Amino acid sequence: MSNLKELYKISKAAKVGEECICPSCKTKFVKTNYQQAFCKSKGGTICKDFYWNNVTPTKKCNITRISPASAAWQCGQSEIRQARRKVHVVFCPWHDDDWCEGDGGSGVTER
């Protein structure tokens, strides 16, 4: 873990345009922004997430490792699924009032 921290400090101290080594995946990259410390070769924030999940003690002990953004997305998906499960009332013109016991004689049935 000290090697990760050491590479991170070197990447942060490097100037824009200098070649750095990603602390997470050890890929060489050219620093394009003064804030950059990780490569972008794996797409998204994979290297950054890997680094902080392994360096931060509270995250290192976390077995779920769900980011706040991911948790919010999953919560939204759960709400969408629950909304889809609600009972839909549909008019059924082919049902005779006496034929369908579940429609209460109104021609409307629940699905």
Side-chain angles (χ1 to χ4, degrees):
M1 183 166 37
S2 63
N3 189 27
L4 286 175
K5 289 182 178 180
E6 195 174 305
L7 287 173
Y8 176 76
K9 287 179 184 178
I10 293 169
S11 290
K12 288 300 275 186
K15 304 240 185 242
V16 174
E18 290 183 14
E19 192 173 81
C20 302
I21 297 174
C22 179
S24 297
C25 69
K26 312 296 189 270
T27 303
K28 289 184 180 182
F29 69 95
V30 176
K31 191 169 180 173
T32 57
N33 186 318
Y34 76 97
Q35 299 175 3
Q36 186 179 4
F38 304 96
C39 73
K40 297 177 185 174
S41 63
K42 290 191 174 185
T45 60
I46 294 171
C47 287
K48 181 175 78 168
D49 292 342
F50 174 81
Y51 176 82
W52 290 113
N53 284 336
N54 286 298
V55 171
T56 309
T58 56
K59 290 184 178 182
K60 189 174 183 181
C61 297
N62 182 3
I63 59 171
T64 59
R65 296 204 181 181
I66 297 174
S67 70
S70 180
W73 182 83
Q74 288 176 358
C75 182
Q77 292 300 308
S78 176
E79 290 173 5
I80 290 169
R81 277 189 231 102
Q82 287 176 355
R84 288 181 183 162
R85 288 185 196 137
K86 288 185 179 178
V87 176
H88 298 286
V89 177
V90 182
F91 180 73
C92 296
W94 59 85
H95 283 164
D96 188 313
D97 286 347
D98 298 327
W99 184 78
C100 186
E101 295 175 12
D103 68 5
S106 64
V108 175
T109 186
E110 292 182 1
R111 244 200 281 171

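Heavy atoms only: backbone and side chains are in, while hydrogens, waters and symmetry mates are out. Computed from a predicted structure; not experimentally measured.
Expressed to the nearest 0.5 Å, how far OG1 of Thr27 lies from CD1 of Ile21 amounts to 9.5 Å. Residue Lys26 holds its NZ atom at 5.5 Å from CG of Leu7, rounded to the nearest 0.5 Å.
The same ILVMFWY cluster, assembled from side-chain heavy atoms under 4.5 Å apart, contains both Leu4 and Trp52.
In terms of heavy-atom proximity, Lys5 sits nearest to Tyr51 at CA-OH, 3.6 Å. Smallest separation of non-hydrogen atoms from Ser24 and Cys47: OG-O, 2.6 Å. Taking each heavy atom of Ala14 and Cys20 in turn, the nearest pair found is CB-SG, 3.4 Å. Residues Ser11 and Pro23 come closest through the heavy atom pair OG-CD, 4.1 Å. When all heavy atoms of Lys12 and Gln36 are compared, the closest pair comes out as CD-O, 4.5 Å.
Annotation: Phe38 is in aromatic contact with Tyr8 [ring centroid separation under 6.0 Å].
Between Ser78 and Cys75 the shortest side-chain heavy-atom distance does not fall below 4.5 Å.
Around NZ of Lys31, the count of heavy atoms belonging to other residues, nucleotides or ligands within 6.0 Å exceeds 12.
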